[in-house]
Amino acid sequence: MTPLAMAQPPAARVFDQMAREYDDVFTNSSIGRAQRDAVWSVLTHVFHSGDHVLELNCGTGEDALFLARNGISVTACDASEQMIQIASGRLRKEAPGASVQFNLLPTERIHELQHVTKFDGAFSNFSGLNCVSDLKETAEDLATLLSPGAPLLACLSTRFCLWELLWFALHGNFRKAFRRCTGHATAKVGEFTVDVYYPTVRQLKTLFSPSFVLRSCSGVGVTVPPSYVGAWIRDHPKLLRMLRTIDKAISSYPGIRVLGDHVLLHFERVQL
């Protein structure tokens, strides 16, 4: 690990509190596995053995270790010191020889990364970019770090999640049902609060231009529910298997793909 001295942003303090339970609550849950597998199926088509990939908001290192098992070198960053500590421990235990470097570095400061050669691609999974207030600046920073033609995969929470609207409305919690719809909400974990932004695909396309062009997008968790439905879905494993199958079939349909829990965007660095 290469820790860089910094003042922790609010989001980092929130994720510090979540770090110890994150893998149990999401990574290793049936819903978390279903949603991550959907993302991984795209990763293995976009990134290739021998690539050097930059990962933002790496969390506990699950995706970085997966990429390493596929012969990909990873420079992985996160603002949460606790997340980086867990990820580094997993690296030592699970894949001590893997070409992975974990860095304590928030997305807002990725311009501080120093590399002789540019990255072959970049990746951010599961809503880390939803906690960044200025994605235009992030896009500009990534443009200086990626090679021309390099892919950028970004998985963000959507503005309109059909599961969330129905689930909380049926439970009479209309504030939570519609919390994403304005494009901005606050999340409170313990004593800390973090701003969460929900840009539309059209807004993201504009924010990442002109350095990046959007090649494709697909829904993640269109029929597979969000993680907070986990307690209920555990009693219905056959239903979850069916929902995963449906997700694969419809996740790329225009209109439908933006109604899931997340959307996965495939950008490409514009040729210079």
Side-chain angles (χ1 to χ4, degrees), residues 14-15 17-44 57-66 83 86-87 90 123-131 153-181 185-190 194 196 198 201 217-253 255-265:
V14 168
F15 284 103
Q17 292 198 358
M18 297 170 58
R20 297 296 172 186
E21 298 179 350
Y22 183 81
D23 284 336
D24 290 334
V25 172
F26 182 72
T27 304
N28 299 323
S29 69
S30 57
I31 287 176
R33 191 77 274 151
Q35 292 200 13
R36 197 178 297 272
D37 285 349
V39 176
W40 281 3
S41 69
V42 178
L43 291 190
T44 54
N57 317 297
C58 67
T60 61
E62 181 75 3
D63 297 312
L65 293 172
F66 170 77
M83 288 286 194
I86 292 172
R90 291 188 61 188
F123 169 57
S124 178
N125 206 1
F126 294 134
S127 311
L129 293 180
N130 290 93
C131 299
L153 293 180
C155 183
L156 294 94
S157 293
T158 58
R159 180 171 293 191
F160 301 102
C161 174
L162 187 59
W163 255 106
E164 184 160 294
L165 289 167
L166 294 174
W167 180 262
F168 286 118
L170 288 172
H171 287 79
N173 192 337
F174 294 99
R175 183 184 64 82
K176 280 192 174 182
F178 295 97
R179 60 184 171 182
R180 304 188 190 190
C181 297
T186 55
K188 187 174 178 61
V189 178
V194 62
V196 185
Y198 300 98
V201 170
C217 74
S218 57
V220 177
V222 177
T223 55
V224 171
S227 57
Y228 47 75
V229 184
W232 176 78
I233 205 69
R234 278 196 298 270
D235 295 329
H236 303 84
K238 292 183 179 179
L239 175 61
L240 180 58
R241 287 195 295 271
M242 182 182 71
L243 294 176
R244 292 183 67 165
T245 300
I246 296 173
D247 243 24
K248 291 179 182 179
I250 69 172
S251 62
S252 295
Y253 286 7
I256 294 176
R257 62 192 177 192
V258 295
L259 298 177
D261 192 19
H262 299 87
V263 64
L264 179 61
L265 306 176

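Start at 1 with the first residue, then count along the sequence.
Interatomic distance, OG of Ser29 versus CG of Asp24, reported as 9.5 Å (0.5 Å rounding). Here Ser227 contributes atom OG and Ile233 contributes atom CD1; the two are 12.5 Å apart, rounded to the nearest 0.5 Å. Rounding to the nearest 0.5 Å places OG of Ser30 at 5.0 Å from CG of Leu240. The distance from the CZ atom of Arg179 to the CZ atom of Arg159 is 15.0 Å, given to the nearest 0.5 Å. His236 contributes atom NE2, which lies 12.5 Å from atom CZ of Arg241 (distance to the nearest 0.5 angstrom). Leu43 contributes atom CG, which lies 11.0 Å from atom CG of Asp37 (distance to the nearest 0.5 angstrom).
For NZ of Lys188, the number of neighbouring non-hydrogen atoms (other residues, nucleotides, ligands) closer than 6.0 Å is greater than 12.
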Step-by-step side-chain contact (heavy atoms from CB on, under 4.5 Å) determination, Tyr22 to Glu62: CA-CA 11 Å; Tyr22 183 81; Glu62 181 75 3; over 6 Å; no
Test log, rule side-chain contact (heavy atoms from CB on, under 4.5 Å), inputs Arg36 and Asn125: CA-CA 9 Å; Arg36 197 178 297 272; Asn125 206 1; 3.8 Å; yes
Working for side-chain contact (heavy atoms from CB on, under 4.5 Å), residues His262 and Ser127: CA-CA 8 Å; His262 299 87; Ser127 311; 3.1 Å; yes
Pair Phe15-Asn57, side-chain contact (heavy atoms from CB on, under 4.5 Å): steps then yes or no: CA-CA 10 Å; Phe15 284 103; Asn57 317 297; over 6 Å; no
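Across all their heavy atoms, Ile31 and Pro225 have their closest contact at CG2-O, 3.0 Å. Heavy atoms only, all atoms of each residue included: Gln35 and Pro226 are closest at NE2-CA, 4.1 Å. Ala169 and Ala177 get closest at one heavy-atom pair: N-CB, 3.8 Å. Residues Thr27 and Arg33 share a closest heavy-atom pair of O-NH1, 3.5 Å. Considering every non-hydrogen atom in both Ser252 and Ser218, the closest pair reads OG-CB, 3.9 Å. The shortest heavy-atom contact between Val220 and Ala38 is CG1-CB, 4.4 Å.
Ring geometry for Phe174 against Phe178 counts as parallel: the plane angle stays under 30°, on a 0 to 90° scale with 60° as the upper cut. In this pair, Phe26 and Phe126 present their aromatic rings perpendicular. The plane angle is above 60°, beyond the 30 to 60° band.
Proximity of a side-chain donor or acceptor of Asn130 to a complementary backbone N or O of Ser157 within less than 3.5 Å is detected. Using modelled atom types, one side-chain atom of Trp163 and one backbone atom of Thr223 make a donor-acceptor pair closer than 3.5 Å.
By the 4.5 Å heavy-atom criterion applied to side chains, Phe123 and Val39 are counted as neighbours. For the pair Asp23 and Arg90, the minimum side-chain heavy-atom distance is below 4.5 Å. A heavy-atom distance below 4.5 Å is not found between the side chains of Tyr228 and Asp261.
If you check the side chains of Arg180 and Thr158, you find a donor sitting under 3.5 Å from an acceptor.
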